[in-house]
Amino acid sequence: MASSRPVAAGDQVFLVDGSSFIFRAYFQSMNQDSKYNTRISDGMPTGAVRLFVTKLLQFIRDGAAGLKPTHLAIVLDKSEGSFRKELYEDYKGHRPDPPSDLIVQMPLMREAIRAFGLDPIELERYEADDLIATYTQEAKARGANVLIISSDKDLMQLVGPLVCFYDFESGAKGKPGYRAERNLDEAAVTEKWEGLPPEKIGDLLALMGDSSDNVPGVPGIGLKTAAQLIKEFGDLETLLARADEIKQPKRRETLIANADMARLSKKLVTLDCEAPLPVPLDALPVPDLDAKSLIAFLKAMEFNTITRRVADLYEVDLAAIEPDPRLMPGGASIRWERLGATDTAAEGSSPAAPVSGEAGPNGFVGTPSQLAAQRATHASSQGFDTASYETIMDIEVLKSWVAQAREQGYVALDTATSALDPNLADLVGIALALKPGRAGYVPLQHRGDSDLFGGGMLPGQIPLADALAVLKPLLEDPSVLKIGQDIKYDWVILCRHGIEVRPFDDTMLISYVLDAGKGPHGMDELARRHLGHSPMTWAEVAGTGKGKVSFERVELDKATAYAAEDADVTLRLWQVLKPRLPAEGRATVYETLERPLVDVIGRMEMRGISVDRQILSRLSGDFAQSLARLEDEIQEIAGEKFNLGSPKQIGDILFGKMGLPGAKKTPSGQWATPATLLDELAQAGHLLPEKILEWRQLSKLKSTYTDSLQQHMHPQSKRVHTSYALASTTTGRLSSSEPNLQNIPIRTEAGRKIRRAFVAPEGSKIISADYSQIELRILAHIADIPQLQEAFAQGIDIHAATASAMFGVALDQMNPDLRRQAKTINFGIIYGISAFGLAQRLSIPHGEAATFIKQYFERFPGIRAYMDDIKKMTRENGYVTTLFGRVCHYPQIKSGNPNERAGVERQAINAPIQGTAADIIRRAMARMEGALKAERLSAKMLLQVHDELVFEAPDDEIAATLPVIARVMTDAPFPAVALKVPLGVDARAAQNWDEAH
DNA sequence: CCTATCACG
DNA sequence: GACGTACGTGATAGGA
């Protein structure tokens, strides 16, 4: 930088602590959508650079804290050999290396600074703090104002009449731990440090230490004590000299014993104001921004939005500026290669478990020619061009598409339907894609929009039956792979037309296996992530609000553009994703835990479960009566009418009007009225909360279950058909919706009445089979806890056994309360326990809960080791795996927010346990049909509730069926995994679900 | 559309 | 020393 302008009184010098600035940018980037964090064309991490540049541009143009800089320095730390390290070996010694994806961005940060016409300022042996201190002194001496921009509290020492401190934004808006930017003057700094002025901060830090830099300080002395001592004695030296005057004996002794440590700490935290400056202060004027060099940089980084903004701001022609060639993908100044694929197969080369009794059509993986075709077409994939999509109205043309699909051995497909529920929807058309960009749509049941003709079928479409007759051989051809996105939907639709699609691949499930935890697996999201393309949205096709039409009314060209594109996108996604399965060692997970479930669950959804409408409507009536009665009573007690469904109004009455204790606000500032709190109030003898609780319970049961379930009964089958999502959880569990049949009440008597409405038809029974304590068994295996393994092996009550080990009470002397506490602790461990949470749940003091946890860890040391291993693995790899090799990614582990990180750690601790249980029941489901068929049993699987399977079976087969089901479930882990604990399964049959459970 | 609450494992 | 506090879901109602 050539320019120079002397700093004088009234000037404004900005001194930016570049390292902390960059770290903040990095951690903030980890909180944002990951699609902003890598350069599209080569995957290089650039998220931190993007935020850094954005913020720097803002500083230069708009200033900060209402001030605009005349001079600006971005000061960095040289990586090695600070003089402090020579003083104290452990200085910053415990700091982990910066994350690797930040390290690769550091050279780009320096490039970014230069692109703004600035020079990064750094000096061997000195830290950024010392250079900032020295610049500050010099600027003060000239009478200029200084703004120090940093998050490092050491630098607050420099604040004074001319010098302010500016701590920029941290965390993400709306998330816990968010801090807005703030500007600290001398008064604010004094307030922050317990009333002591900035020049005393060094003494304070010398006493209290600084954990972030590993400055030792004096043990047992924190901010409060340090401040009190300095106030009393004036400064550190005086304090140490007169330490024998301190009244508290313990404190006196530690201070005397650690006086040298305090003096050393003082040296470490004291800033060197006489560092040799690599660039003189006068050489730091804010340069005139050279938009061309900045844009060349931004273009190379592919920051399109910022690039356009800069071009607008500085009125330059974007097209005239080339991206900086040194920084472009593969450029001379870039050290970045895509990370190589690693094989992390859990089951290794051992043969996968046979998945269904027979080899099955879905043993298909892809012939060599298919895979070759896949690679070849991928290399030549072209852009999305709606114009080249074909509307297929001629059966001969359809036949030629079918022939080509058979020829190449694979085809992507997407069915277009009239509704979202595959059990209700009509087939409206089918889209096929053969190659990227080559896709067609076969309209089958589109209707005209003219009401005059009753919206009859549009002319010219291939008759449904004719088209299906041509398609069926293709869709059932074992040598042609059918590729779909969420293909269970298409499978069910086509199954209802007598076509059993096989074999198939599902891009959604492939994505789920590879990237669970990285984001949703819907087509739009995957297209954006992997193809950089946003497909046409449903709203664009069907419209919104009043003008919304169902797909059968969409014009054919629009329908073609939409449906053919979906098939095209699906094919391209398959080309990107499928090769990653073997490359990343996840093929076995996909083949044993995902693909086999598609048709198994498809059949469960089609079967539905029989529900007795009479029982439900009678219950609805009963609940309505009780609710009305309660409403009256509550109004009587409260003395006014109000909406019982509104927590806000309940809070106003209980805490505002009646002044009951325990009032708390939710994060959004409303009254919090959770059941636990109302229950406490009820226990204390208050009638109103008790009545409200009762009202809430019944109201929930009525609206969510007895009313809603009736709405969900299928008009023809008269049964309830849920929909299972195979790829919606991070851990591998299924989820159920519309209606959710995985949360049917069971814990209360009123709730259980609802379960009784789930019945078996005349002549058959409901069978419920559930794993007993499966997650605790998995914990006992994974964390390798001999006592728990032993207890399971002997069939001892596991919570009692835990209580016995922890509290030293013999099993035959066990009291129910100790057992209950042990049970809570057992679950707490699975979920990543905290003393606070345990204390709250057991209503015991915090300290007591902490002791329990400590005891648990001492009795079962494997738990500690397991938790530490998981945390380490998550930090190092960003993911954890189940026993069967399913991956759960936790990118948020790198969050800058310690609370959020702790939350992610708890998730990561739970995931292998919950996920392994999910894998096991998936394996059981995949094998169940084959096993029943082999025994000539006609039981049908209807529902899955995480650790439970529900069946319907003829009365005369029950006795033979129960042991088969139990055996398949018990043996599900074999042969892939040999658990060190037996799995227990309880299976029972009855006329309804409540009695079977 | 978001928040609070509550049903399940 | 503060901060927030057990994991995974989906449905409903109120309120902006």
Side-chain angles (χ1 to χ4, degrees), chain A residues 171 174 176-179 194 208-209 211 221-227 643-651 665-678 692-693 696-697 699-705 707-709 711-712 722-725 728-748 750-751 754-755 770-771 773-775 824-841 846 849 853 888 897-915 917-918 921 944-948 997:
Chain A
Y178 172 74
R179 284 212 317 264
E194 301 287 320
M208 59 191 272
S211 58
I221 294 192
L223 173 60
K224 304 265 175 184
T225 315
N643 188 343
L644 278 159
S646 163
K648 182 178 181 295
Q649 296 181 31
I650 288 182
K665 296 283 181 82
T666 66
S668 65
Q670 304 185 45
W671 293 114
T673 64
T676 48
L677 175 60
L678 297 189
I692 292 174
L693 275 174
R696 272 200 187 157
Q697 196 203 8
S699 154
K700 176 87 174 182
L701 295 179
K702 182 170 186 291
S703 67
T704 311
Y705 301 104
D707 289 353
S708 162
L709 276 173
Q711 308 260 310
H712 278 102
T722 183
S723 166
Y724 286 104
S728 76
T729 70
T730 334
T731 54
R733 273 193 177 179
L734 307 181
S735 76
S736 154
S737 62
E738 288 180 287
N740 182 353
L741 295 186
Q742 291 181 319
N743 70 348
I744 300 303
I746 191 169
R747 293 174 188 169
T748 64
I754 293 166
R755 239 168 223 248
D770 67 320
Y771 286 108
Q773 307 292 359
I774 189 168
E775 293 196 351
T824 307
I825 297 168
N826 274 334
F827 280 105
I829 294 292
I830 290 177
Y831 299 147
I833 200 155
S834 77
F836 180 95
L838 185 64
Q840 201 161 31
R841 261 152 246 264
H846 189 148
I853 294 171
C888 317
N897 179 337
N899 285 331
E900 193 181 357
R901 233 168 26 232
V904 173
E905 282 175 357
R906 289 194 298 272
Q907 294 168 17
I909 285 169
N910 175 253
I913 304 170
Q914 188 183 110
I921 198 164
Q944 189 251 39
V945 193
H946 310 307
D947 65 353
E948 175 189 10
H997 196 279

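Per chain, numbering begins at 1; letters A, B, ... match sequence-line order. Keep in mind that the numbers below use all heavy atoms, side chains included, and drop hydrogens, waters and symmetry copies.
- Put simply, the side chain of N910(A) reaches to within 4.5 Å of the side chain of I830(A), judged on heavy atoms.
- Dashed line: the shortest gap from a side-chain N or O of R696(A) to OP1 or OP2 of dC6(B) is under 4.0 Å.
- No contact: E948(A) has no heavy atom under 4.0 Å from any strand.
- No side-chain N or O of T730(A) forms a donor-acceptor pair with one of Q907(A) less than 3.5 Å apart.
- Side-chain proximity of S737(A) to the nucleotides dG15(C), dT9(C), dG10(C) is greatest for dG10(C).
- Distance noted for atom C1' between dC3(C) and dC6(B): 27 Å (whole Å).
- For S735(A) against dT9(C), no side-chain N or O and base N or O form a donor-acceptor pair under 3.5 Å.
- In this structure, Q907(A) reaches the dG8(C) phosphate: one of its side-chain N or O atoms is under 4.0 Å from OP1 or OP2.
- One finds no side-chain N or O of R733(A) lying less than 4.0 angstrom from the OP1 or OP2 phosphate oxygen of dC7(C).
- Using the Watson-Crick or G-U wobble rule with both distances under 3.5 Å, dT12(C) pairs with dA4(B).
- Of the candidate nucleotides dG10(C), dG9(B), dG8(C), dG10(C) has the atom nearest to the side chain of S728(A).
- In this structure, I921(A) atom CD1 and dT9(C) atom P are separated by 17 Å, rounded to whole Å.
- Look at CD on Q649(A): it is 15 Å from P on dA13(C), rounded to the nearest Å.
- Judged by closest nucleotide on DNA chain C, I221(A) is the one of H846(A) and I221(A) placed further toward the 5' end.
- S699(A) comes within 4.0 angstrom of no nucleic acid atom, judged by non-hydrogen atoms across all strands.
- A sub-4.0 Å separation between OP1 or OP2 of dG14(C) and a side-chain N or O of N643(A) is present.
- The residue among K224(A) and H712(A) whose nearest nucleotide of DNA chain C lies closer to the 5′ end is K224(A).
- OP1 or OP2 of dG15(C) has at least one side-chain nitrogen or oxygen of S646(A) nearer than 4.0 Å.
- Heavy atoms of A675(A) sit under 4.0 angstrom from primed sugar atoms or phosphate atoms, though from no base atom.
- If you check distances only, the side chain of R906(A) never reaches the base of dG8(C) with a donor-acceptor pair under 3.5 Å.
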